[in-house]
Amino acid sequence: MGQAKQRGTKQEREDQARKKVESLKPASIICNYCQAEITDVHVMDTRGLLGIDGAYAGMCYCEHTTWAIAGAPEAAAELAASLEATMGHESIIDSMLRPDVADALATSAIDKAANGSR
Ligand SMILES: [Zn+2]
């Protein structure tokens with residue numbers, strides 16, 4: 001709304017966003033279901049998601065997907081909730097976060113998953 005001034009071209013901003021997402025990508029994610037180390041980590045398309053720095057899906061051989069989401073606590077919790085809804089069943093949320101927000105997000109994600117809604 002009313003943001004006339006833009007930093008760089010659209011292409012430049014997309015390149016920057018992509019680099020940031022790649023730099024945050026974890027080499028592996030520990031499966032929340034079977035505790036296996038998942039190295040099959042996929043970068044999710046999070047363009048346009050406010051507050052989300054990056055989202056990653058670890059596809060485990062146990063057929064569960066563990067998500068790693070980096071970003072602001074509220075935005076990440078919201079995305080986690082919508083991923084849960086999209087995936088339907090037992091997809092399990094992980095969090096891969098900046099240290100300063102890790103606790104807040106982990107807590108809110110777990111609360112959401114445990115309570116369903118609040
Ligand atoms: Zn697993």
Side-chain angles (χ1 to χ4, degrees):
M1 286 188 288
Q3 289 184 344
K5 203 173 176 185
Q6 295 190 334
R7 287 166 298 160
T9 65
K10 187 167 186 280
Q11 185 62 48
E12 280 169 355
R13 279 179 291 132
E14 282 188 3
D15 283 352
Q16 267 183 3
R18 196 173 300 116
K19 271 182 201 149
K20 189 177 182 185
V21 169
E22 285 293 337
S23 74
L24 287 167
K25 179 182 170 181
S28 64
I29 296 173
I30 300 301
C31 177
N32 273 350
Y33 191 79
C34 72
Q35 309 302 311
E37 185 178 9
I38 305 167
T39 53
D40 186 16
V41 179
H42 298 262
V43 176
M44 308 298 291
D45 185 356
T46 53
R47 280 177 298 170
L49 294 176
L50 288 178
I52 300 296
D53 291 331
Y56 314 90
M59 312 292 187
C60 186
Y61 59 77
C62 78
E63 296 186 353
H64 287 82
T65 301
T66 298
W67 303 95
I69 300 167
E74 281 184 16
E78 216 165 274
L79 176 59
S82 74
L83 287 172
E84 284 286 284
T86 305
M87 298 299 285
H89 57 113
E90 303 183 41
S91 66
I92 298 174
I93 298 159
D94 194 4
S95 56
M96 192 279 301
L97 296 157
R98 297 189 297 260
D100 59 328
V101 297
D103 286 348
L105 175 52
T107 303
S108 69
I110 289 164
D111 283 353
K112 284 230 179 201
N115 300 335
S117 63
R118 30 168 205 171

### Sub-4.5 Å side-chain heavy-atom contact between Val43 and Glu22
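Val43 reaches Glu22 side chain to side chain.
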### Query
Is there side-chain contact between Asp15 and Arg18, with at least one heavy-atom pair below 4.5 Å?
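Yes, close enough: below the 4.5 Å cut-off.
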### Pairwise distance SG(Cys62) to CG(Asn32) - rounded to 0.5 angstrom
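So the gap between those two atoms works out to 10.0 Å.
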### Message
Once rounded to the nearest 0.5 Å, what's the spacing between atom CD of Glu14 and atom CZ of Arg47?
### Response
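Those atoms lie 5.5 Å apart.
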Test side chain to side chain contact (heavy atoms under 4.5 Å, CB included) applied to [X] - qualifying residues, sequence neighbours left out:
X: Leu49; answer: Thr46, Ile52, Leu79
X: Gln16; answer: none
X: Val41; answer: Lys25, Pro26, Ile29, Tyr56

At their closest point, which heavy atom of [X] faces which heavy atom of [Y], and how far apart are they?
X: Thr66; Y: Cys31; answer: OG1-CA, 3.5 Å
X: Leu24; Y: Ala70; answer: CD1-CB, 4.3 Å
X: Arg13; Y: Gly8; answer: NE-O, 3.8 Å
X: Ile30; Y: Gln35; answer: CG2-O, 3.7 Å
X: Val21; Y: Gly54; answer: CG2-CA, 4.3 Å

